[in-house]
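The next block holds one structure in the form of structure tokens; read it before the comments.
Order of listing sets the numbers, starting from 1, for every ligand and every atom in it. Given the structure is predicted, the values throughout are model-derived calculations rather than measurements.
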Amino acid sequence: MKYQRSSELFSEAQQYIPGGVNSPVRAFKSVGGVPVFMKSAKGAYLTDEDNNSYVDYINSWGPAIIGHTHPLVLQAIQKQAENGFSFGTPTELETEIAKFITENVPNIEQIRMVSSGTEACMSAIRLARGYTGREKILKFEGCYHGHSDSFLIKAGSGAATFGNPNSPGVTQGTAKDTLLAKYNDWEQVQEIFANNPKEIAAIIIEPVAGNMGCVLPENNFLQKLRTICDDNGTLLIFDEVMTGFRLAFGGAQEIYGVKADLVTYGKVIGGGLPVGAFAGTNEVMDCLAPKGAVYQAGTLSGNPLAMRAGLSTLQFIKNEKNFYNKINNTTEQLDFEIGKILNEKGIAHKINRKGSMMSIFFHTHTVSNFDEAQQANHSLFNNFFHQLLDNGIYLPPSGYETWFISHAINDDEINKTLEAVRKFEYA
Ligand SMILES: *Cc1c(COP(=O)(O)O)cnc(C)c1O
């Protein structure tokens, strides 16, 4: 059996780890079947415990943007490890990466390192609340900002503009401070501001959403948010945990020419080690402890191995000529060719793409928000996922996730992928 070893490992894991995984999406609950246990990764490929290999379109959910286990990053981590794993003191390396990032990303002057995207977003809203002296935040349905309480909120019923807990354990008290709007719904944003005058500390948004599948901002939505924030003394937070260093080195701020007051990072910034960060102008960042009063801390924040992996990944991106052109062109080619094949098969679909992020919705309609993403045919996606998996193509195991195209994907991998899509049978 092709997935024999994975199957055994999953059974064993379930005895000791809740659901057998350390992060829910890995369990294949959405697509069904047994999750594939990986044992190694190199360049564009993953190898599982049964020695099957796959062209990887997840890339650890983004971090492996330059391909897996890149020799430059590997050497940098090895060399760093010889000098110690963690000191709990300041290091020169932390200044080096902070300087490198702030000098190469528009509109940020200081950056604070943390260990995950969740921490980054959680800390950014605390800072926004501390800075503005307000309690409410506005987020968009279908956007994910990590698993801290304030973000695990779903739309309230009827006329209620505040949210309801989206997970047991999140309190009503927390939920009442999170307002929800539909992605791309400018009217609704205006309405919410009108109903909560001078009460909203921040808008937080994925400037290109990747956690409801890939969904793009439309009709200058980001520019409009900038304006309404300016008019109301509200901070605009771009959650660039996915888009940072991916859409461009300067992320969505650079691509869309919209300045955020705070930006959160994760994924690519750590090059595969656990790193997150949040950044902003001196005026806002100076409010953080120890300089300011807003508390935030972390035992392993700025960890030398993690900083080295992040810095060497970012330096590779910066030094590689046409880095973004290449990954964007690969993605465009996949979009175009896969679309052509699905059209020939008469399968209704919509591919959303920005830079090296894309996803396929099996839907007759365009997808511009979470409701529309939900209306797509997800059982057909699940079928598509498994048929591609069996043919050596590793897609995200859910129709609500984005594919992340890496720099290691070349013509060979594209051809393998298209071959697998050609074999796809509508079952
Ligand atoms: C992944 C992600 C997060 C959470 O990051 P973790 O490192 O998983 O905690 C937050 N925001 C966005 C946009 C993400 O994609």
Task: Any residue meeting side-chain hydrogen bond (donor to acceptor under 3.5 Å, both in side chains) with Asp335, in chain and number order, not counting sequence neighbours - done: Arg353
- [ ] Count the heavy atoms belonging to other residues, nucleotides or ligands that lie under 6.0 Å from CD of Glu92, then report whether that count exceeds 12.
- [x] no
Task: Lys39 vs Asp50, salt bridge (Lys or Arg N to Asp or Glu O under 4.0 Å): CA-CA, chis, key distance, verdict - done: CA-CA 9 Å; Lys39 69 172 177 190; Asp50 291 280; over 6 Å; no
Open item on the list: If the test is ring pair (Phe, Tyr, Trp, His ring centres under 6.0 Å), which one of Phe278, Phe238, Phe151 qualifies with His145?
Closed with: Phe151
Task: Expected output: side-chain Asn52 to main-chain Asp48 donor-acceptor under 3.5 Å - done: no
- [ ] Identify, chain by chain and in numerical order, each protein residue with a heavy atom under 4.0 Å from an atom of ligand 1.
- [x] Ser116, Gly117, Thr118, Tyr144, His145, Gly146, Glu206, Asn211, Asp239, Val241, Met242, Lys267
Task: Identified side chain to side chain contact (heavy atoms under 4.5 Å, CB included) counterpart of Val215 within the set Asn369, Asn352, Thr366 - done: Asn352
